[in-house]
Q: 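Can you keep this structure in mind? I'll have questions shortly.
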Amino acid sequence: FYIRPRIIFSYLKLIKHPAHLLKLCKGVKALLKLWIHKSGKLSCNAFKGPFGSILKDALPVTVSTADGIVKRLNDNWITEIGLTLFGLPHLGLAMRSGQIFKMFLLNKEDSFLDIGCGIGLYSLSLAGKIKNVQGIDIDHVKIETAKRVAETLRFKNINFNVANICKLPFPDNSFDKALCTEVIEHIVDDHRAILEVARVLKKNGTLIITTTSKIDLLEQKKEGFQHARVGYSAEELKCLFANSGLKIEKMRRYGLFFGILAWNLNRKCFASNALSILTYYPLLLISLLDRFITEEESKDCLGYVVSLKKI
């Protein structure tokens with residue numbers, strides 16, 4: 001009877017002071033990350049939401065998914081806490097970005113091309129680690145948002161421009177690293193797009209591509225995602241990169257049985273800020289169960305992350 005009023009009073013005090021609540025939430029997150037690390041097969045990085053540090057300093061900002069779901073992130077302490085704890089609560093992005101950052105071996109003198117950059121999340125995340133960044137997209141509105149965010153964050157080494165992957169406005173051998181994430185499945189002439197990216201990449205430069213795979217769930221949603229094709233099989237990707245001057249260094253699948261299940265539920269919740277936040281960590285934990293199954297046990301996957309080297 002003595003303890004309960006004190007506990008209630010403490011919680012009320014936290015609610016009145018968002019900064020204290022944020023510290024408490026960070027502490028809880030740290031404990032959860034420690035628990036995941038102790039489980040052996042799971043890394044702490046797997047529990048880190050994508051791009052929260054970038055987005056919370058760029059509020060207000062609008063983000064959208066490939067199938068047209070739009071999320072407005074307003075400039076308030078609730079949104080800031082959510083981004084600090086969860087990042088952008090988009091499971092597909094979390095699965096891909098974790099593997100992308102693992103594959104990139106960056107050098108301070110690198111020049112980097114972000115193809116289909118959207119609002120520039122990858123470009124902005126890497127700008128502080130490399131010499132210069134060029135981001136391109138065909139969406140004028142997203143490019144303007146990316147420019148505004150870069151200006152807000154005071155990055156001087158980033159340029160964002162409207163351009164098409166099939167006709168890149170850069171000389172041959174311009175970039176050390178390039179990223180093309182969730183783009184080629186939208187391109188009708190995908191082979192031409194790959195040749196054009198290879199053209200602007202320096203010799204021994206690295207290109208990382210992510211794309212969707214061929215599964216029934218994505219087949220049903222093809223038109224909503226505005227895909228030219230559902231996705232690729234591993235063999236089709238190998239054929240696409242053949243004779244392009246690019247050599248496959250690594251090919252990883254993401255989103256196996258549990259990842260597909262969690263991604264589909266996360267997608268249905270994404271339009272609602274409250275639902276996407278409340279369900280993000282439970283669904284993330286479900287997706288992480290993929291670490292305990294072999295690729296042979298789950299033939300389907302959401303997509304591929306491929307690292308290529310220009311030869």
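Computed over heavy atoms, backbone and side chain alike; hydrogens, waters and symmetry mates excluded.
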Q: Is there a side-chain contact between K214 and E236 in this structure, where contact means two heavy atoms from C-beta onward sitting under 4.5 Å apart?
A: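 Of all side-chain heavy-atom pairs linking E236 with K214, at least one is under 4.5 Å.
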
Q: Taking Y304's backbone N and O only, do any of them form a donor-acceptor pair with Q99's side chain (distance below 3.5 Å, no angle check)?
A: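 No, because the side chain of Q99 does not come within donor-acceptor range (under 3.5 Å) of the backbone of Y304.
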
Q: Verify the cluster assignment for L237 and I208: are they in a single hydrophobic cluster under the rule of side-chain heavy atoms below 4.5 Å apart?
A: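 L237 and I208: separate clusters.
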
Q: Decide yes or no for D176 and I130: does some side-chain heavy atom of the first lie under 4.5 Å from some side-chain heavy atom of the second?
A: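 D176 does not reach I130 side chain to side chain.
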
Q: Tell me whether L93 shares a hydrophobic cluster with L265, the cluster being built from Ile, Leu, Val, Met, Phe, Trp, Tyr side chains joined at under 4.5 Å.
A: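 In one cluster: yes.
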
Q: Tell me whether F292 is reachable from L288 by hopping between hydrophobic residues (I, L, V, M, F, W, Y) whose side-chain heavy atoms are closer than 4.5 Å.
A: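 Yes, it is one cluster - the side chains of L288 and F292 are joined through contacts under 4.5 Å.
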
Q: Could you tell me whether the side chain of R96 and the main chain of G303 form a donor-acceptor pair under 3.5 Å?
A: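 Pair absent, no side-chain N/O of R96 close to backbone of G303.
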
Q: Please assess T211 against E185 for the test side-chain hydrogen bond (donor to acceptor under 3.5 Å, both in side chains), listing each intermediate value before the final yes or no.
A: CA-CA 6 Å; T211 187; E185 64 272 16; 2.7 Å; yes

Q: Please determine whether side-chain contact (heavy atoms from CB on, under 4.5 Å) holds for the pair N74 and R72, giving the CA-CA distance in whole Å, both sets of side-chain angles, and the decisive distance to 0.1 Å.
A: CA-CA 6 Å; N74 295 311; R72 174 71 175 175; 3.4 Å; yes

Q: With rounding to the nearest 0.5 angstrom, report the OG to CG distance, S287 to L302.
A: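 It is 10.0 Å, given to the nearest 0.5 Å.
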
Q: Given side-chain contact (heavy atoms from CB on, under 4.5 Å), test V230 with T212 step by step and report yes or no.
A: CA-CA 7 Å; V230 177; T212 51; 5.7 Å; no

Q: Report the C-alpha separation of F170 and F175 in whole Å, then their side-chain angles, then the decisive distance to 0.1 Å, and conclude whether the ring pair (Phe, Tyr, Trp, His ring centres under 6.0 Å) test is met.
A: CA-CA 9 Å; F170 306 108; F175 298 98; 5.0 Å; yes

Q: At their closest point, which heavy atom of C166 faces which heavy atom of A193, and how far apart are they?
A: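 C166 and A193 have their closest heavy atoms at SG-CB, 4.1 Å.
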
Q: Determine the minimum heavy-atom distance between M95 and G259, stating which atoms define it.
A: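 Distance-wise, the nearest heavy atoms are CE-O, 3.5 Å.
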
Q: Got a donor-acceptor contact below 3.5 angstrom from the S276 side chain to the S272 backbone?
A: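 Side chain of S276 to backbone of S272, a donor-acceptor pair under 3.5 Å: yes, one is there.
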
Q: Which label fits H186 and H227: parallel for a plane angle under 30°, tilted from 30 to 60°, or perpendicular past 60°?
A: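 Correct class here is perpendicular.
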
Q: Are the side chains of E196 and I165 in touch, meaning some heavy atoms are under 4.5 Å apart?
A: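 SC-SC contact between E196 and I165 ruled out.
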
Q: If hydrophobic clusters are built from ILVMFWY residues whose side chains come within less than 4.5 Å, do V306 and L179 share one?
A: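 Per the 4.5 Å side-chain linkage, V306 and L179 are not co-clustered.
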
Q: Which atom names give the shortest non-hydrogen contact between L105 and D110, and what distance separates them?
A: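 So the minimum-distance heavy-atom pair works out to O-OD2, 4.2 Å.
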
Q: So, the side chain of S111 versus the backbone of S174: is there a donor-acceptor pair under 3.5 Å, distance only?
A: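 Side chain of S111 to backbone of S174, a donor-acceptor pair under 3.5 Å: yes, one is there.
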
Q: Do I119 and V149 come close enough that some side-chain heavy atom pair is under 4.5 Å?
A: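 With C-beta onward as the side chain, the pair stays apart.
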
Q: Verify the neighbour count for atom CD of E151: are there more than 12 heavy atoms of other residues, nucleotides or ligands below 6.0 Å?
A: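 Open: at most 12 neighbouring heavy atoms sit under 6.0 Å from CD of E151.
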
Q: With side chains defined as the heavy atoms from C-beta onward, is the minimum distance between L91 and L284 less than 4.5 Å?
A: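 Yes. Closest side-chain heavy atoms under 4.5 Å.
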
Q: For a 4.5 angstrom cut-off between non-hydrogen side-chain atoms, does Y122 reach S97?
A: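 They are in contact (side-chain heavy atoms under 4.5 Å apart), so the answer is yes.
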
Q: A side-chain contact here means heavy atoms from C-beta on lying under 4.5 Å apart; do T152 and D57 qualify?
A: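 T152 does not reach D57 side chain to side chain.
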
Q: Looking at K56 and E80, would you say the former's side chain and the latter's main chain have a donor-acceptor pair under 3.5 Å?
A: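 Not confirmed, K56 side chain does not pair with E80 backbone.
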
Q: For the CG atom on N243, are there more than 12 heavy atoms of other groups (residues, nucleotides or ligands in this structure) within a distance under 6.0 Å?
A: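 Not more than 12 within 6.0 Å, no.
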
Q: Hey, is the main chain of C301 close enough, under 3.5 Å, to the side chain of S213 for a donor-acceptor pair?
A: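 Yes, the answer is positive, given that a donor and an acceptor are paired below the 3.5 Å cut-off.
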
Q: Output yes when a side-chain donor or acceptor of K309 lies under 3.5 Å from a complementary backbone atom of E249, and no otherwise.
A: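 No; zero donor-acceptor contacts below 3.5 Å.
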
Q: Would you check if L246 and L201 make a side-chain contact, meaning some heavy-atom pair closer than 4.5 Å?
A: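 In contact.
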
Q: For A242 versus H191, what's the shortest heavy-atom pair and its separation?
A: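 Residues A242 and H191, closest heavy atoms: O-CE1, 4.2 Å.
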
Q: I286 and L275: same hydrophobic cluster, using ILVMFWY side-chain contacts below 4.5 Å?
A: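 Shared cluster, no.
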
Q: Between D137 and K142, is there a salt bridge with N-O shorter than 4.0 Å?
A: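 So K142 does not pair with D137 through a salt bridge.
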
Q: Do you know which two heavy atoms are closest between V188 and R229, and how far apart they sit?
A: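 Where V188 meets R229 most closely, the heavy atoms are O-NH2, 3.0 Å.
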
Q: Could you pull out the closest heavy-atom pair between I260 and G255, with the gap in Å?
A: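 For I260 versus G255, the nearest heavy atoms are CG1-O, 3.4 Å.
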
Q: Under 6.0 Å from the CZ atom of F257, do we count more than 12 heavy atoms belonging to anything else shown?
A: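 12 or below, so no.
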
Q: Can T62 and T145 be said to form a side-chain contact (heavy atoms from CB on, under 4.5 Å), step by step?
A: CA-CA 8 Å; T62 299; T145 300; over 6 Å; no

Q: Assess whether atom CD1 of I138 is packed by more than 12 heavy atoms of other residues, nucleotides or ligands within 6.0 Å.
A: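 No, the 6.0 Å shell around CD1 holds no more than 12 heavy atoms from other groups.
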
